[in-house]
Amino acid sequence: MREIPSAYDPKATEEKWYKFWESGKYFHAQPDPGRKPYTIVIPPPNVTGILHMGHALNNTVQDILIRWRKMQGWNAEWLPGTDHAGIATQNVVEKKLAKEGIKRQDLGRDEFIRRVWKWREEYGSTIISQMKRLGCSCDWDRTRFTMDEGLSNAVNEVFIRLYEKGLIYRGNYIINWCPRCQTALSDEEAQHKDLNGSLYYIKYPVKGRNRHITVATTRPETMLGDVAVAVNPSDPRFKDLVGETLILPLAGREIKVIADSFVDMEFGTGAVKVTPAHDPNDFDMGKRHNLEPIVVMQPDGTMSRNTGDFAGMDRFEAREAILEDLKEMKLLEKVDAHAHSVGHCYRCHTVVEPYLSEQWFVRMKPLAKAGIEAAKSGRIKFHPDRWTKVYLDWMENIRDWCISRQIWWGHRIPVYYCIKCRKASEGKKGIIVSRVKPAKCPDCGGTDIVQDEDVLDTWFSSWLWPFSTFGWPEKTKDLSYFYPTSTLATAQEIIFFWVARMIMSGYEFMGDAPFKDIYIHGTVRDETGAKMSKSLGNSIDPVEIIDEYGTDALRFSLISITAGGQDVFLSKEKFELGRNFANKIWNASRFVLMNIEGGADQDIDLASADLSLADKWILSRLNRAVDSVTGSLEEFRFNEAANTAYEFFWHEFCDWYVELVKPEMTKDEFKGTQRKKIVQAILTHCIDNALKVLHPFMPFVTEEIWQNLPHEGGSIMASSWPKCDKGLFDDGAEQEMSLAIGIISVIRNIRAEFNIQPQKLCKASIAAGSGKSRDAITKSAEYIKGLARLESLDISDKLVRPKASSVAVFGDCEICVPLEGLVDLESEKRKMMLKIGELSKYTGSIEAKLRNKNFTDRAPREVVDNEKSKLAEANISLGKLKENLKRLET
RNA sequence: GGGCGAUUGGCUCAGUUGGUUAGAGCGCCACAUUCACAUUGUGGAGGUCAAAGGUUCGAAUCCUUUAUCGCCCACCA
C-alpha cells in the first residue's frame, strides 16, 4: 500500500486538482435544452482589486452553490469577470505615472488610455489568479471584462435606447463633486459620515439701516456665492426685513432677503444664506426665486477668480481666511459646535462638494416600477428577507442617477456635438446620440463634430452584467438559455449600487428580473468590529491564510461562522477550526483506505445485507445528515449545512462508528469474512457520501481522497449529490445506539473519576430495567466492552452489587463498576444524592406542569404525552438512584 | 430624525415557524502518546439567554418599553 502522510498537506493537492479541473473543462457549461440551467454571474471584482476576506466569503458562497447544484445535476454556469472600475483604476494608474513624474494630461487622452490597458494586461488578472487559489469553479472560458467590445456595445445600446425613450437627459444640477478625483459622483458614491464640525453665525448688514441679519452656516467659504438670504414667510422676527437689501460681507455685493417656506424657523437663527451653486436646497430656492447661481469654486476645490483675495486658496484654507476676516470686521457673532453629516468620496474619501455642473442623468422612477413589483410579488427574494425592506425603501424614494464622470477611463458617452449648431442655439440642438461617430451633422450637414468628453459611471456597465455578459443585445443561445440567472450572492454594501440597478435594467431590457434569489452575506470585520480594509491595515490576507492553513480550511472556517447574513468577525485563530477538520477528514479517510484492502466488495448490497446495530445506526445518521445538509443549502443556511456535515463526520462517524468497527477491521479473526466485507462497504459508502456532501465546502481535500477511493467518473465534482434514502432512517437503531453510547459514557466517566488507566480493563455489570433495554444492551455488549475498555460485562435484570463498586444510572439501567480498594462510600453517597437532587428537580417541574389543568387541556396532545413519557423515564431513573442510595446506607 | 442588526457559559458565536434538563468551537481543569489523527482521544467545570413589563398552559424565541454597541438611510443651513 502507498504511504499516506499522517497530516493533510494542502500545498500538495490544491494546485494539482485545480489544474485538473480546469484542463478537464469541469467548470464549463454549454446551453443544453435537455437540462435545467443553474446560473450565477459573479459580482465582478475591480480589475485593480486584490483578494480580501470579503471576496473570499462572497466567492466561497457562490462556489458552494455552483458545485452543489452541479452535483445535483443542474447545468451549472458561474460566469466570472472583472470590472473596469473607472475612478479606482484611473487613480491607480495615475499614481503609478506620478512616480515617473508624469501627469495624465502630459500624455493626452489616447495615450493615457493605452497605458491603462497596458496596466490591466500586466496586473489586471491578479484577482483572477487569487480566485483560482480559492478553488472557484468559474467558467473561465466565459470571463468577461466590463470594457470588452461586446459589453461596451451593450452600454452604448442601453444609453441610446434610454435616451430615445426620454429616460436620459442632460442638465445643470447640483451634484456631488470630488475635488481630488475631479469628477461628479452619484448620490450613492457620496458616503455620509458624521463629523464634529462648527456652525458659524455671521452677521449680514442691512443696507441703509443700522441693523443686520445673522445667518448660520457650516460652510462659510460658500458665502461668496450667496445670492440672497432666506427666511420663513411666517417668521415674525424677519417680517419687516423681507425684500430688504443686504450687503454681503467680504464681497460687498448687494443681495435680497427673500421669504421661502423651506426655511426652518427653529434651526440656527431662522435665516439661511442662499448659495444656489453650492447647495442642493439653495439651488431649488434659487430656481423658485429666479436667482442666478454664482460659482465660487473650481473643480479642484480652490476658490475661483471671482472671489477676490481668496481666489486660488483651497476651500478649507479659504474657510479659515474668511473667518479671520469676519472676526476682524466683528461680523462673526459666534461659533457653535455642530455635529453634522458630510459626504465623502467613496473612492478616495475626500470631502465632496455639492457643486453645480452640467451632467447626464437617468430618470429612475419609471425604471423602478417593475423592480418594486418584483420584490412585492416574490418574483425576486432576498435572503435574509429583511433586505427586501431596505431595497424597497430605496426603490420607492429613488432619485435620478448622475451617470457622467469627468475622467478618461471608462465608456465614453455616445453623444456627439455639432459645433456649428451648438453655437447657433442653446438647448438640444446639435446633440447627436449615436453608436458611431457621425460623419456630418444631420441638421446642418456640418462636419465639425466632437464627442462628449465624459465617460459613464462604472455602474452603468455593471448594471447590465447579467445579460451583457451573455451577448446582449444579440439574441444569443447563451442569453436565452442562461438568463434569467438563478442566484446572486453579494454583500449588503452594493444593494443600491448594483443589485437594485441590475433588477431595473433586467426588466427594462430583458423583460424579466435578472435573478430569483439574492443572498446577502455579512460584512467581514476584524475583532474590533471595523470593516476589514487594506487602508485600515486590519485585513487578514486570504492568500496568507491559504498558504498557512490551506484553502479548504479558509473556506470551511469562513462559512461555518457566517450565520444568516450576520457580519463575520474574524481573527486568525478561527481558521484552525477548518484546518483541524480538514486534517480529521484526511486521517479518517486514511484509516478507511488502509482497511478496505484496495476497494470495497462491489457485490455487497447494503439494502439486503445483514447489518449490525452500528451499521444500521450510521446509515440512518448519514441519511439524516444528507437530508439536513441539502435542506439547509436550499434555504441558504450555509453555516448550518457546514456544521451538520462537520458534526456527522467528526462526532458520529469518526468518534463512534469508526471506533466501533475497529475490531472487525483489524483483528485476524475477521479476515476474509462476509462481516468484514460489509463493514468495508459501509465505511466506503459513508466516506464517499460524506466527501460528496463536503465537497462544495472543501473542494480540494475531498477530491484528493475521493480519487483514492474506488470511484466512477473523473472527478468528485462531476459525481452526483447523495440522495437521502429515507428507508434507511432507523429510529430503533438510533435509540439502541443512544443507550449504548450513554452507557459507555457513564462507564468512561467512572473510569476517569477513579483514574483508571486506559490500558487497564475493568469489569462491569448492567441491570436492564426493561426487556427492551436488555435486548439493546445485549446487542451492543461488544461495543460497550470495546469502547468502555471492559474485560467482562454481565447483563442481568437485577443488580448484584459487589461491595466496593461505583454505580450509576442511565435511563432504566443501572451500571455497576467494581472498584476494589478505590471506592469511598461517603463520596459515592454524595454523588448519588447530587444526582437524585438534580433529577428530582426535573421530575418536580414536569409534575407541576402536568398538574396544571390549563396545560393538559390546552397544549397539543403530543406535547402532553411527551411530558408524560419524559416523567415516566425520569421516575424510573430516580427510583433506581434511590434504591442504590438506600443500599449504600445499609 | 427614520430604519435595521446585535446583546446567550472566560472568548467567539449557533439556536428554522414559541414545547430538550439551552448547544458548538476556542480557552480552562484532569487523564492518555505501540492503536487513522496531539491539527488527537477520554472525562470534567462553566450560562436564572442585557433589564423591566406583557401575551401564552408554556418564552432565549412573540409584543411593549429601556439600556448598551454596531450598521444603513435622510437636503435642515
Side-chain angles (χ1 to χ4, degrees), chain A residues 4 6-8 174 192 199 215-219 222 230 262-264 266-269 271-275 279-284 338 340-341 354 384 386-387 389-390 393-394 397 492-493 495-496 522-523 525 527 529 531 549 553 557 560-561 563-567 569-571 573-574 576-577 579-595 631-632 635 637 639-640 643 646-647 651 654-655 658-659 662 666 745 748-753 755-759 787 838-839 841-842 845-846 849 852-860 862-864 866-867 870 874:
Chain A
I4 306 171
S6 67
Y8 172 57
I174 299 277
H192 289 267
L199 190 58
V215 299
T217 180
T218 53
R219 293 187 300 148
T222 63
F262 163 78
V263 180
D264 178 358
E266 305 293 313
F267 189 88
T269 59
V272 191
K273 62 195 267 311
V274 181
T275 322
D279 183 281
N281 296 311
D282 294 8
F283 179 79
D284 293 341
H338 182 63
H340 60 145
S341 118
R386 62 187 137 94
W387 296 110
K389 191 172 169 327
V390 175
D393 283 350
W394 187 78
N397 298 295
Q492 166 264 121
E493 288 95 336
I495 291 178
F496 307 145
T523 304
R525 300 176 185 282
E527 295 155 282
K531 187 175 159 180
Y549 297 88
S557 303
S560 75
I561 59 176
Q566 288 300 347
D567 287 354
F569 295 83
L570 265 192
S571 61
E573 304 80 65
K574 294 198 173 164
E576 287 172 9
L577 169 78
R579 181 201 57 182
N580 295 353
F581 186 41
N583 196 54
K584 190 71 184 182
I585 296 169
W586 180 258
N587 277 300
S589 306
R590 197 160 71 108
F591 172 82
V592 172
L593 285 169
M594 286 182 335
N595 285 289
S632 296
E635 292 167 52
R637 306 170 76 89
N639 68 318
E640 199 178 79
N643 294 335
Y646 176 96
E647 179 66 24
H651 297 305
C654 293
D655 287 356
V658 168
E659 294 304 326
K662 261 183 186 170
T666 53
S745 300
R748 281 172 169 174
N749 186 335
I750 292 172
R751 293 182 59 116
E753 195 184 335
N755 226 331
I756 298 164
Q757 296 298 298
Q759 57 270 31
L787 297 194
E838 276 171 22
L839 253 190
K841 227 170 104 185
Y842 176 53
S845 76
I846 302 178
K849 212 183 245 188
N852 184 345
K853 252 205 157 0
N854 281 325
F855 173 70
T856 48
D857 288 352
R858 298 194 199 185
E862 1 171 292
V863 174
V864 178
N866 190 28
E867 291 297 320
K870 277 189 328 199

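Order of the sequence lines fixes the chain letters, A, B, ..., with proteins taken first and strands second; residue numbering starts at 1 for each chain.
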Trainee: For A/D264, answer base if it contacts any base atom (sugar-phosphate contacts may also be present), sugar-phosphate if it contacts only those atoms, and nothing otherwise; contact means non-hydrogen atoms under 4.0 Å.
Mentor: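 Base contact - A/D264 has a heavy atom under 4.0 Å of at least one base atom.
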
Trainee: Does a side-chain heavy-atom distance below 4.5 Å link A/F496 with A/V390?
Mentor: yes

Trainee: Please determine whether any donor N or O and acceptor N or O are separated by less than 3.5 Å between the side chain of A/E753 and the base of B/rA30.
Mentor: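 Answer no: no donor N or O sits under 3.5 Å from an acceptor.
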
Trainee: Under 4.0 Å, heavy atoms only, any strand: does A/V263 hit a base, just the sugar-phosphate, or nothing?
Mentor: base

Trainee: Of A/T856 and A/E838, whose nearest nucleotide on RNA chain B comes first from the 5' end?
Mentor: A/E838

Trainee: Quick check for you: among B/rA14, B/rG19, B/rA36, whose closest atom lies nearest to any side-chain atom of A/V863?
Mentor: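 That would be B/rG19.
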
Trainee: Partner of B/rC49 by Watson-Crick or G-U wobble geometry, both contacts under 3.5 Å, or none?
Mentor: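 Base-paired to nothing in any strand shown.
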
Trainee: If you find the nucleotide of RNA chain B closest to A/H338 and the one closest to A/R579, which residue's nucleotide is nearer the 5' end?
Mentor: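 Whichever sits nearer the 5' end wins; that is A/R579.
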
Trainee: With sugar-phosphate meaning primed atoms plus P, OP1 and OP2, does A/K273 contact a base, only sugar-phosphate, or nothing at under 4.0 Å between heavy atoms?
Mentor: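 Nothing, no nucleic acid heavy atom in range.
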
Trainee: Considering only side-chain heavy atoms of A/D655, which listed nucleotide, B/rA36, B/rG5, B/rU42, is closest?
Mentor: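 Taking heavy atoms from C-beta onward, the closest nucleotide is B/rU42.
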
Trainee: Determine the Euclidean distance between corresponding C1' atoms of B/rC31 and B/rA38; express it in Å to zero decimal places.
Mentor: 14 Å

Trainee: So what does A/Y8 hit on the nucleic acid, given a heavy-atom distance under 4.0 Å: a base, only sugar-phosphate, or nothing?
Mentor: nothing

Trainee: Applying the side-chain contact (heavy atoms from CB on, under 4.5 Å) test to A/N854, which of A/T856, A/N852, A/D857 qualifies?
Mentor: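 For A/N854, the side-chain contact (heavy atoms from CB on, under 4.5 Å) check succeeds only for A/N852.
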
Trainee: Just compare B/rU12, B/rA36, B/rA14 and give me whichever is closest to any side-chain atom of A/K574.
Mentor: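 Out of B/rU12, B/rA36, B/rA14, the nucleotide with an atom closest to A/K574's side chain is B/rU12.
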
